[in-house]
Structures are given as structure tokens and as C-alpha cells.
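Notes follow once the structure below has been shown.
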Amino acid sequence: MFYFELFLFGFLGLVLGSFCTAIYYRESIGQPWWSLSKQDKYYKSLCPSCEHMLGFKDLMPVFSYLIQKGKCRYCGAPIARRYFLIELFCLFLSIVVYFVMGMKVISFFFVFSIPFGVSYILLGVLKAIFPSKLLLISGGLLLIGVVLQVTLL
């Protein structure tokens with residue numbers, strides 16, 4: 001059971017790390033990251049250089065970067081290393097949450113708050129952008145997790 005739980009938190013960390021890079025990139029250039037409309041041109045991720053729509057092979061967190069040697073599969077432009085490092089950092093944080101808190105309801109809320117919190121901090125430190133919606137989402141998830149954990153005890 002331990003290995004399944006570790007895999008689950010690792011997988012969530014990677015997926016949410018990829019989401020974190022999308023939030024960071026889109027917020028830094030003023031694009032919406034929350035769009036669900038297929039008519040919106042920002043619905044899917046694009047290469048910043050050639051603007052080719054990225055497919056599943058291009059969006060596998062950490063692995064795509066390693067397999068493609070840090071370059072776009074379509075135009076060969078380099079992909080910034082910070083996206084790879086952000087994904088690894090989110091993976092690390094998710095694993096830490098699992099080891100510290102175990103398999104609890106609150107653990108999932110902490111893990112799901114990671115991309116919003118990390119994006120907020122990176123945008124603030126690197127770009128001097130402080131989108132309050134990210135802080136509210138992250139804090140809201142943590143608060144809901146704490147309330148659920150306390151009520152389920």
C-alpha cells in the first residue's frame with residue numbers, strides 16, 4: 001500500500017507541477033489559465049516560439065523535457081529549464097506532504113494547493129506580479145482541508 005500511495009502523491013505532484021508551470025507562464029504574460037472554452041485560443045498549451053499546439057507527448061511533466069532534451073519537438077527552440085525545475089519542485093513538495101501527513105483528506109488539499117502557492121511565490125519573486133486569485137485559491141483549499149480534517153476526526 002505504501003508504494004501505491006507514494007506513486008499517487010508523486011503522480012499528483014508531477015501533474016500539478018505541469019499545471020503550475022502553465023499558471024506561472026500564462027500569468028506572467030497576462031493570459032488566462034482558467035479557460036475551459038475550446039473557442040479560446042489559450043485553451044491548449046502552445047510552444048512560446050512557434051505557437052504549435054502541444055500534444056500529450058509534449059506535456060508529460062519532467063519526462064517530456066528529458067526526452068526532448070529541453071527543446072520544442074516542432075521548432076527546436078529551447079525550453080526554459082525553470083519549467084522542468086518547477087515540475088520537480090512540485091513533485092518534491094507532494095512527496096514531502098505524503099511523508100509528513102500520510103494518506104489523509106487534508107493531505108490532498110495541501111497537494112492541490114501547491115501549484116497555486118508555488119506560482120504565486122514565483123510570480124512575486126521573479127516578476128513582481130502578485131495575483132490575489134492564486135493566493136485565495138491556495139488559502140481556500142488549505143482552509144477547506146483543515147475544516148474537513150477537523151470535522152472527520
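For clarity, every value in this text was computed on a predicted model and none was experimentally measured. Because only heavy atoms are used, hydrogens play no part in the values below, and waters and symmetry mates are left out as well, while side chains stay in.
Among residues two or more places apart in sequence or in another chain, the salt bridge (Lys or Arg N to Asp or Glu O under 4.0 Å) test is passed with Lys133 by Glu27.
Formation of a donor-acceptor pair under 3.5 Å by the Glu87 side chain with backbone atoms of Val62 is found in this model. A donor-acceptor pair is defined here as one N or O able to donate and one able to accept, closer than 3.5 Å; no such pair exists between the side chain of Ser107 and the backbone of Tyr98.
Closest heavy-atom contact between Cys75 and Ser49: SG-CB, 3.9 Å. The shortest heavy-atom contact between Leu123 and Pro131 is CD1-CG, 3.8 Å. Taking both residues in full, the closest heavy atoms of Trp33 and Leu134 are given as CZ2-CD2, 3.5 Å, listed atom of the first, atom of the second, then distance.
Looking only at side-chain heavy atoms (C-beta outward), Ile106 and Leu148 stay at 4.5 Å or farther from each other. Between Leu136 and Phe116, the closest side-chain pair of non-hydrogen atoms is not below 4.5 Å. Contact check for Phe89 versus Leu122: no side-chain heavy atoms found under the 4.5 Å cut-off. Counting heavy atoms from C-beta outward, Cys50 and Cys72 have side chains that approach closer than 4.5 Å.
Note that CD1 of Ile144 is 16.0 Å distant from CZ of Phe108, once rounded to the nearest 0.5 Å. Put simply, NZ on Lys57 and CD on Gln68 are 9.5 Å apart, with the number rounded to the nearest 0.5 Å. Atom NZ of Lys71 and atom SG of Cys47 lie 13.0 Å apart (nearest 0.5 Å). One finds the OG atom of Ser119 at 12.0 Å from the CG atom of Leu135 (value rounded to the nearest 0.5 Å). The distance from atom SG of Cys90 to atom CD1 of Ile114, rounded to the nearest 0.5 Å, is 6.5 Å. With values rounded to the nearest 0.5 angstrom, Ile79 atom CD1 is found 8.0 Å from Ser64 atom OG.
Using a 4.5 Å cut-off between side-chain heavy atoms of Ile, Leu, Val, Met, Phe, Trp and Tyr, with links allowed through other members, Leu91 and Val100 fall into the same hydrophobic cluster. Under the 4.5 Å side-chain heavy-atom criterion for grouping Ile, Leu, Val, Met, Phe, Trp and Tyr, Val147 is not connected to Val105 through any hydrophobic cluster. No continuous path of ILVMFWY side-chain contacts below 4.5 Å connects Ile67 to Leu59, so the two sit in separate hydrophobic clusters. Placement of Ile121 and Leu88 within a single hydrophobic cluster is found when ILVMFWY residues are connected by side-chain heavy-atom separations under 4.5 Å, directly or transitively. Under a hydrophobic clustering in which Ile, Leu, Val, Met, Phe, Trp and Tyr are joined whenever their side-chain heavy atoms come within less than 4.5 Å, directly or via other members, Val97 and Leu143 fall into different clusters.
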Legend entry - Check against side chain to side chain contact (heavy atoms under 4.5 Å, CB included), Leu93 and Phe110: CA-CA 10 Å; Leu93 289 177; Phe110 270 74; over 6 Å; no
Legend entry - Steps toward side chain to side chain contact (heavy atoms under 4.5 Å, CB included) verdict (Val146, Phe109): CA-CA 8 Å; Val146 168; Phe109 283 90; over 6 Å; no
Show me the donor-acceptor pairs within less than 3.5 Å that the side chains of residues 7-25 make with the rest of the protein, sequence neighbours left out.
residue	atom	partner	partner atom	Å
Thr21	OG1	Ser18	O	2.6

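Applying the 6.0 Å contact sphere to CZ of Phe130 captures more than 12 heavy atoms from other residues, nucleotides or ligands. Atom CE of Met53 has 12 or fewer heavy atoms from other residues, nucleotides or ligands within 6.0 Å.
Residues in residues 74-84 take part in these side chain to side chain donor-acceptor pair (under 3.5 Å) pairs, two or more places apart or across chains: Asp58-Tyr74.
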